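Worksheet: the structure to be examined is printed underneath.
From a predicted model like this one, the values you see are computed outputs, not experimental measurements. Position 1 is the first residue of the sequence; numbering continues from there.
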Amino acid sequence: MTVRFRQAVRDNDLGPRTETAPLAAYLTAEQGLGRVRPDADPEASARLLVAGCFHRAYIEMFMGADAGPAREASAREIIRELRLEPAAVRPA
């Protein structure tokens, strides 16, 4: 069963890249607008963002929505720790 599933995923050009490619493209566009740090790696960041979302969903599914930080707080933590925000401009 697993072998057939894997083959179907490959035959239909599905898989992990279909989850992260649109997000990586979005992060690249946000870099161009100055809203994502220029030194961020959009591909790696997209994979890590998706992983963080899967982890949050896992916690909610098995432990309940009230376990751990709230969704918004969790999302902010992930973004902060990936350091995707542009560096703060400091007054001269």
**Item:** Gap between atom CD of E77 and atom CD1 of I79 - 0.5 Å precision
**Value:**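 The CD1 atom of I79 sits 11.5 Å away from the CD atom of E77.
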
**Nearest-0.5 Å distance that lies between atom SG in C53 and atom CZ in R71** = 10.0 Å

Would you indicate whether the side-chain heavy atoms of [Y] and [X] approach each other to under 4.5 Å?
| X | Y | result |
| --- | --- | --- |
| Q31 | R37 | no |
| D41 | L27 | no |
| I78 | L84 | no |

**Asked** Is L33 isolated, or which residues cluster with it under the ILVMFWY side-chain rule of less than 4.5 Å, directly or via members?
**Response**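 Joined to L33, directly or through intermediates: none.
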
Closest approach of [X] to [Y] (non-hydrogen atoms, all atoms of both residues):
| X | Y | answer |
| --- | --- | --- |
| A24 | E43 | CB-OE2, 3.6 Å |
| P69 | A73 | CB-CB, 4.2 Å |
| S74 | R56 | OG-CD, 3.8 Å |

**Message:** Surrounding CZ of R80 (heavy atoms of other residues, nucleotides or ligands, distance under 6.0 Å), is the total greater than 12?
**Reply:** yes

**Item:** E81 atom CD: more than 12 heavy-atom contacts under 6.0 Å
**Value:** yes

**In one Ile/Leu/Val/Met/Phe/Trp/Tyr side-chain cluster, 4.5 Å: I59, L49** =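 In one cluster with I59: L49, no.
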
**Request:** Mind jotting down which residue pairs meet the side-chain hydrogen bond (donor to acceptor under 3.5 Å, both in side chains) criterion with at least one end in residues 21-30? Sequence neighbours excluded, please.
**Result:**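 Sorted pair list: E30-R35.
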
**Salt-bridge present (R47, E19; N to O < 4.0 Å)** = no

**Request:** Would you check, one step at a time, whether the test ring pair (Phe, Tyr, Trp, His ring centres under 6.0 Å) holds for Y58 with F54?
**Result:** CA-CA 6 Å; Y58 171 83; F54 271 98; over 10 Å; no

